There are 4 protein chains.
Amino acid sequence: MLHVGIVGGTGYTGSELLRLLLGHPGVAVSAVTSRAERGMAVCDLFPSLRGRLSLSFVEPTLEGLAGCDLVFFATPNGTAMKMVPDLLAAGTRVIDLAADFRLKDPASWERWYGQPHACPELLDEAVYGLPEFNRDRIRAARLVANPGCYPTAVTLGLVPLLEAGVIDPDWIVADVKSGVSGAGRKAELGLLMAEVGESFKAYGTGGHRHAPEIMQNLALFADRSVNLTFVPHLVPMVRGIQATLYARLTRADRQPHALFASRYAQEPFVDVMPRGSHPETRSVRGVNLCRIAVNEQPGGVVIVQSVIDNLVKGAAGQALQNMNLMFGLDETAGLISLPLSP
Amino acid sequence: MLHVGIVGGTGYTGSELLRLLLGHPGVAVSAVTSRAERGMAVCDLFPSLRGRLSLSFVEPTLEGLAGCDLVFFATPNGTAMKMVPDLLAAGTRVIDLAADFRLKDPASWERWYGQPHACPELLDEAVYGLPEFNRDRIRAARLVANPGCYPTAVTLGLVPLLEAGVIDPDWIVADVKSGVSGAGRKAELGLLMAEVGESFKAYGTGGHRHAPEIMQNLALFADRSVNLTFVPHLVPMVRGIQATLYARLTRADRQPHALFASRYAQEPFVDVMPRGSHPETRSVRGVNLCRIAVNEQPGGVVIVQSVIDNLVKGAAGQALQNMNLMFGLDETAGLISLPLSP
Amino acid sequence: MLHVGIVGGTGYTGSELLRLLLGHPGVAVSAVTSRAERGMAVCDLFPSLRGRLSLSFVEPTLEGLAGCDLVFFATPNGTAMKMVPDLLAAGTRVIDLAADFRLKDPASWERWYGQPHACPELLDEAVYGLPEFNRDRIRAARLVANPGCYPTAVTLGLVPLLEAGVIDPDWIVADVKSGVSGAGRKAELGLLMAEVGESFKAYGTGGHRHAPEIMQNLALFADRSVNLTFVPHLVPMVRGIQATLYARLTRADRQPHALFASRYAQEPFVDVMPRGSHPETRSVRGVNLCRIAVNEQPGGVVIVQSVIDNLVKGAAGQALQNMNLMFGLDETAGLISLPLSP
Amino acid sequence: MLHVGIVGGTGYTGSELLRLLLGHPGVAVSAVTSRAERGMAVCDLFPSLRGRLSLSFVEPTLEGLAGCDLVFFATPNGTAMKMVPDLLAAGTRVIDLAADFRLKDPASWERWYGQPHACPELLDEAVYGLPEFNRDRIRAARLVANPGCYPTAVTLGLVPLLEAGVIDPDWIVADVKSGVSGAGRKAELGLLMAEVGESFKAYGTGGHRHAPEIMQNLALFADRSVNLTFVPHLVPMVRGIQATLYARLTRADRQPHALFASRYAQEPFVDVMPRGSHPETRSVRGVNLCRIAVNEQPGGVVIVQSVIDNLVKGAAGQALQNMNLMFGLDETAGLISLPLSP
């Protein structure tokens, strides 16, 4: 039995980790931390877990966590990096669901997250936790940087084209749309239902923190820099991300759809749908799955649609997938439930 | 391995049965029928099931179904009663998720459902599938009438009070609210998102088909007729039922909350929450669970809140629970996942 | 031209007042105050007003406001009472959209609002601003207490029955449902779309501040105390209140529907719908209107459905109606637009 | 007083026309037709209009309509073209809110709408009713083709750039998102709230009927053909369209934002917001207004956001604007209400 801890258990990523971990046959949750809610029963904050978990929130301490085989950080950006070196030194492996270890360049991290990085020496070691491209390195990792929700949807939807060298990397458009849970469980006016319900808008046209993470991914597979125009939007729903990706084909001899079908044929958590499909976010609700459709329009334009549940394949589910890889478990353990639709 | 068939697999109850059955370790789905969609792959209609089910819809025939150990009817009202006698004669057991076998009085059935009953001789044998009150009879049943969604929420929320004889049966109010999936997957103007989204209304104040079913239940436990005022409402959301139940206490010496806590202490799928609670429908989203809160207001009024997922504890989940009982399986098999919240 | 000011212009009640006042032919908005947003252009906070209003938020001061003919308070409870005496002394009339002057008993006010009342001597003078019952007194009032949203819906839906003495005042049930804008524009976790979207729940079963206000109203018209069981619920939508009201008839010789039709025949802002109707909240979206349906169920039960837009007839629209009365304008001026449906 | 008729008054465009026309000071609605609902009071179908309109639906006949100064067609595509020649001959002017007269090329019309055009000889005369670009021709028109909702949002958001010749017409991306009322009031499974609520998807990647209409517009102003990639999406909300438009700048010496500000400076129904803005659909809810934001991203990419209410500036409101122009009324008459937000 694997013993795991969760640091920062009061947000949506934390509660989703708990939902999934409690259904995993080989894991025991040893500790869930929260400074603010210390002493409160976890089930009192999350009644959906009543009857299935008897833990209370505890203070995050090295002593309390070092006994775990693995610690998940579901904390705000900038928190994990302060505790991770000590945990690793104590022999505890770490999956960080925040952004602390996603960017390889500490200067870029500081620019986007507004503070110097606390342990830049770990950035090289940290493995970017996208199993579809990094499976073997994840297996051996001490420290996994779990990808952001937008980067997961966009990267899975573009890399097969970039790897094959069939699209023009000089201009790719990613128009992405997210449900409101993507913004986290924070008391902000802009997230009130009376503000975002029954309305739709873009945000972050001036630059979003996930853009450099995506471009770092894309450059790796294109083997050159990629000019990505990335615009996120807020959808009046709770869960789900849909990305519509636009690129121009540079080679007429390769079928885009076939590239995806072949690239992901063995992937348990990527579903390439038939041509002409339009995946709905509800078709992945609650599950660790990315569904992709690949279509073309006149003028040599390829349009990729990619949908995930932002809290599962975009966060907690992907973290479990990484955990399974790191500890030699079946990669799909705890991740085989079916989507809730409708 | 239990072999089951589903008659009428194109509605929300049918697809929810599939979602749950595909996660059940001891069941194989042998046939899913639909006259209208015959020949179509089930996954093409329900992309959320892609990769997990290779069946296509078939014509419903006695030959095709009689090989099943159990057949679920997820059909419109009035369909099951035409096939059930032959299936039973062939040795196949049946759970009907429609209303055909819920009312014991065929005249009442005809009044509410607009046609004579096709096999009134089976009404006595049919067991009302509310395990919390009928567990032993369900175990032995050939034919189970799976309760309606409203009746499940209201009955679970009132019977402990009626059994104990502590409320006035001369006037009980059930103000119930349902998400739109409760109306089924039907092309009707009144169910369009542009009609019901961002709006709220009551309906059926003149009488709803679920009222006689509820009153039949309540009378059984009160051992007299009960005067219930039942008003359903439509909530602009997809899943979930919330019932607020109002009654007047006739005895001051019994604590209503304690009656519920005691009555349901051993029930795996009823959660009596602490005093002062307000259960949310999302706290049972996707799971076979009824959460109940019991509070009081001045003047000797008891207020019971009861929430279920209309498609799970109100339909397909309860049907699995009944199936488990009928076939001697663990009652909770296939029903232990956690709610999707948020 | 009437000159008006708004104290507390950053909430939903304030912005709705602005929307309506800017469409009123005889009113000029002279000042909109906000301590927190002082100096900010009102349109920068509320882009929906762009191009129609050039004011910026100012500090609320007696000097700045005393020049107005009328000041609306759209402030949190307990704010108006500190400024109103000085404004009245300066000759400025006041409509308070908060609760400060709604309850006649200062002890009750202190109990429900958690602080002593700052000017209990004004409670008698303050006129409760429900024009359908208080029209003449409103015309002459210096100080109007604008009713709460729930009290407006419930009072309009019960008083004709109580006035006629045809229902049992010993037990009336008000099951009321509100969109989330009713909770105001406040950065609270419980109001996030990720918390309340796609879910439904009751709240305040232990007692809600609007209950004593409603009971004060009902007692006045019943000429005795009324035992009301009041339970509010939160609907996953932005605007609208629906109240379902249940009472038992004590006289069989009076038709409930006829009582409503007669009582409200001349009212411009109450619509008594035909028997069998089920008013939707969207049918009053954006307008100063209460739609009512009156139906009966067996056992002598009358069921009244009452719907309003919580921000219009439940707040800002009713305030304009009161303003029109106070200043001798056409009661419907600025209030004749049609509902936005769908 | 202008006398107008509405053919096809049972859809959302028809009811929205009624809402707006009933608030217009210079118009009387003489007839509303519907074959299916003939004889029914309009208010019984649309309770939101109760008390404001006494008409019943009538059969659409030339005799009944020819007495009108103007007839609006709010019918399915292909209906207006069968009646318009006779109406024009009778001296009645026409605004068609469907697609019958939008495309200049009858072959293209037949390809996209699946039937031959019934009066191709009128296609040249018909004036495309986008007042911001066609104001003078609309004033003189007998027959106005009211633009589609997507074409309104996209055309207003691209033409200033094309007119100025500052973007590359070889590839422009229009990622557009619509609330469900855009699909009309039709009993289709795909529009049920249980199908589209709490989910998001693209549709029509294989080609949408509005694409040729948009490209016809853009080519006109670019003075050459434009390669537009157009992908519509369905948002789980009732009203509103948001278009995010992506193009590459070909000239560095012209500021995109300034081009819009200048082009629309005198337009009463286009609001160019400050740089850095993100217009929400709710900021135009219920009003005849297009709000536009213009931002840039590295690599010479201009991003235009354009929001309208699909039923107002995208349909009925624009039709009133055209009517005002055609009959010499103030262009803003009946169109000055403020958006409903929240």
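So you know, we letter chains A, B, ... as the sequences are listed, proteins then strands, and number each from 1. The structure presented is a predicted model; accordingly, all values stated were derived computationally and were not measured. Just the heavy atoms: all of them, side chains too, but no hydrogens, waters or symmetry mates, feed the values below.
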ask   = Heavy atoms, side chains only, cut-off 4.5 Å: are Arg50(D) and Pro274(C) in contact?
value = yes

key: Ser337(D) OG to Leu22(C) CG distance, which is reported to the nearest 0.5 Å   = 11.5 Å

task = Working to the nearest 0.5 Å, report the span between CG of Leu338(D) and CG of Leu53(C).
result = 9.0 Å

inquiry  = Tell me if the CZ atom of Arg38(C) is crowded by more than 12 foreign heavy atoms within 6.0 Å.
reply    = no

note = Highest number of heavy-atom pairs under 4.5 Å with chain D among Val238(C), Val287(C), Asp271(C) belongs to Asp271(C)

query = Take atom CD1 in Ile336(C); do more than 12 heavy atoms of anything else shown fall under 6.0 Å from it?
reply = no

key: Approximate separation, where rounding is to 0.5 Å, of Ser341(C) OG and Leu311(D) CG   = 10.5 Å

key: Side-chain heavy atoms of Ser48(D) within contact of Arg282(C), under 4.5 Å   = no

task = With rounding to the nearest 0.5 Å, note down the distance linking CE in Met273(D) to SG in Cys43(C).
result = 10.0 Å

query = Quick one: what part of Arg19(C) sits under 4.5 Å from any heavy atom of chain D, side chain, backbone, both or neither?
reply = both

task = Heavy-atom distances under 4.5 Å only: say whether Arg291(C) touches chain D with side chain, backbone, both or neither.
result = side chain

